[in-house]
Protein chains: 2
Amino acid sequence: MLLPMRDDEESGRVTLAQVAKKAGVSLSTVSKVLNGRQDVAAPTRHKVERLLEEHAYRRTTRSAQEAPLIELVFHELESIWAMELIRGVENVAKAHQAAVVLTESGTRQAPGPDWIEGVLQRRPLGVVLVFSALPAEVKQQLRSRAIPFVIIDPAGDPDPDVPSVGSANWSGGLAATRHLIESGHRRIGIITGPEDMLCSLARLDGYRSAMSMAGLEIDPDLILYGDFHVEGGYDGAMKLLSLPHPPTAIFSGSDLQALGALEAARVSGLRVPHDLSVVGYDDVPVARWSSPALTTVHQPLRRMAEEATQMLLHIRAQAPVTTRLELATDLVVRNSTAPPATDPPRDGPTPQPTHPATDPPRD
Amino acid sequence: MLLPMRDDEESGRVTLAQVAKKAGVSLSTVSKVLNGRQDVAAPTRHKVERLLEEHAYRRTTRSAQEAPLIELVFHELESIWAMELIRGVENVAKAHQAAVVLTESGTRQAPGPDWIEGVLQRRPLGVVLVFSALPAEVKQQLRSRAIPFVIIDPAGDPDPDVPSVGSANWSGGLAATRHLIESGHRRIGIITGPEDMLCSLARLDGYRSAMSMAGLEIDPDLILYGDFHVEGGYDGAMKLLSLPHPPTAIFSGSDLQALGALEAARVSGLRVPHDLSVVGYDDVPVARWSSPALTTVHQPLRRMAEEATQMLLHIRAQAPVTTRLELATDLVVRNSTAPPATDPPRDGPTPQPTHPATDPPRD
DNA sequence: ACACCTTTCGAAACTTTTTCGATATAACTT
DNA sequence: AAGTTATATCGAAAAAGTTTCGAAAGGTGT
């Protein structure tokens, strides 16, 4: 048991002394760089780091004995779906006798400098980042230590340089919106995720495409950004429902937000799906047990995490890998969607400022 | 940054060579014991382990440099409330620059031998176990390596030898049941957790006490064991509702089960809280957003985890600690409970086999 | 110019891990 | 029974890496 995990990497033969000789410094200096000691001048440090990277240095002696770790980084540990991701990584890690280190980075943009320091110290097999961007400097540091990384649902610009796993967000948004259109809805609101997240935008674009394909007007008033949490969904839905001409259906960028929308409907005296249809996104376990059970776009979170972790291990084993993997999403129709109770006034694109119904029609 | 974490432990001065001398074996043998090598005879191993424990041996050189880890072990990563616990441990760990290693042990009774091997290899600051028993042998191994451990909500026998953190389950069960009784309910069903879990039993006992105190009969038909998951709650509630004389209120041992009960009520045509009151347990985030919002017993999960982790670090710093900590629970009244629609037939303890209503009364 | 301080680096000391060979004991063969 | 082979146990020594400490270099103020 506890085999040294596929020893097809004889590359681990490089020793500290060898790197030191190449770099023209002493062995201790290299060790200091490795340990982030402060008494190494910046130029020296960089030179050594470069050499380290070039030689793909990895601790030799200890490697067999050292506990294999896989880092999993969330920027926040709030939502439930994090759990599914965790389980996915756990599964694969366990199969490789590795343990999972879970960290909450705090910021979405980039894990802080103290974080990277911790990672380097832990020398993990690899790092799985969820919903994150990765500044060039951090990438550099990870590469110099031969620590592979994969991003699940990257934020910010898609970086072809960074392997990532996602799901078909655009298709998901399209399918959800189409489902509503096919049910007869014409005014469809959307509460997507944060503006700076790729998946939010992709889902929104799916919505837009579905609307245009159906020849429906895209009313900017019906497009809201949320935060993926219940409260955001509640607030967004309240805003949409208090519009002069409120939507008959809401597509939410997350199940949690959809739960908020459900609550908003409740306090507004609207019955779901009779008076308002709601579609969620993610298909977290509770979606099946909300009332009414949520129609939602299933995202294979567990599998995404599994694939990401596998990818990590493949990169580490220097096997060829696809840089970008995108898994399919499915629409799961449950009880929160139905044809609208009242037909839309007409097909024309002009909004209809009829009765200033802040209180939407009941029953 | 990355200080050697409160260096009030000069005890780390014990070196391998010293232990070896005491044990009358060579340095390498001690190292082998430490690393779980197989070429050490059992008697020798035990002798060394004892000495190791006696001298509270801890790696000297590497200790400052080695990444501090805290292990968090669940037997399953299914439920949402795991998230709250994770966050609690994360918080404290982060404050001490430590990282959290998350593992799923699989079995409730005791983590497997491969698990312990991994832990020993990782040399964590300590181990937080959730819902677990800990066999004597494993305790021995952890102690010989000076790895402290704390159990959150221990299963099996309460072991005074093992520090643990829990919450006032009995009081919680009492408060929940009392609330229902005070609302006017007389026939109150309970779906508690698994039979082999202390917290399930404590909650059940709270229920029993509340019932007896109110002079109400305890009908064994109304007592069911669940698994803390939605499905179990659903099945249990269906069973209770199809009783000849069904309860007017159900106290569930977890919020998830309560969600299942809500669904059972729905498919049975019962409205909550009008026709059936439901009380949950845990107060997980979704409890606030279910429909109706769940009346539940709030368990300070996050704080429990924080306390457990703190306890760990205290033990490690050889500070005096309380072995058993129990945090308070609160009843949170929301919208899933109300007085029963129909008064109970009478106060007498004899069950009333009136109309064989497999289909419970509507409205 | 000199004393003093800070930064940077390497030699050497130290801790630990791992390899490999020595020894003892058991098992098996002739 | 004696010899041979296999296996388990242990330590000496080699190997790897970390840390301490002192030396060299460079700057600063007097």
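As the structure is a computational prediction, the values presented were derived from the model and not from experiment.
- For the pair A:Leu16 CG and D:dT18 P, the computed distance is 6 Å after rounding to whole Å.
- We find that CZ of A:Arg45 is positioned 9 Å from P of C:dT8, with the value rounded to whole Å.
- Distances shown here put every side-chain N or O of B:Tyr57 at or beyond 4.0 Å from the OP1 or OP2 atom of C:dT15.
- Here the C1' atom of nucleotide D:dT7 and the CG atom of B:Asp39 are 12 Å apart, to the nearest Å.
- Applying the ring pair (Phe, Tyr, Trp, His ring centres under 6.0 Å) rule to A:Trp81 yields the partners A:Phe131; only residues at least two apart in sequence or on another chain are considered.
- Every residue two or more places apart in sequence or in another chain that forms a side-chain hydrogen bond (donor to acceptor under 3.5 Å, both in side chains) with A:Ser28 is listed here: A:Ser26.
- The closest side-chain heavy-atom distance from A:Glu71 to A:Phe149 is not below 4.5 Å.
- Distance CG (A:Leu34) to C1' (D:dA16): 12 Å, rounded to an integer number of Å.
- For C:dG10, its base sits under 3.5 Å from the side chain of A:Lys32 at one donor and acceptor pair at least.
- In this view, A:Glu306 and A:Asn91 satisfy the side-chain hydrogen bond (donor to acceptor under 3.5 Å, both in side chains) rule, not counting sequence neighbours.
- Between D:dT9 and B:Thr44, no contact under 4.0 Å exists linking OP1 or OP2 to a side-chain N or O.
- In this structure, A:Gln38 atom CD and C:dT7 atom P are separated by 11 Å, rounded to whole Å.
- In this view, A:Arg87 and A:Glu84, B:Glu78 satisfy the salt bridge (Lys or Arg N to Asp or Glu O under 4.0 Å) rule, not counting sequence neighbours.
- Residues from residues 21-30 of chain B lying near DNA chain C, meaning a heavy-atom separation below 4.0 Å, are B:Leu27, B:Ser28 in numerical order.
- Among residue pairs with one or both ends in residues 102-121 of chain B, none qualify as ring pair (Phe, Tyr, Trp, His ring centres under 6.0 Å); sequence neighbours excluded.
- In the set C:dC9, D:dG17, C:dT15, the nucleotide with an atom closest to the side chain of B:Thr15 is C:dT15.
- Within the 4.0 Å cut-off from OP1 or OP2 of D:dT18, not a single side-chain nitrogen or oxygen of A:Arg37 is found.
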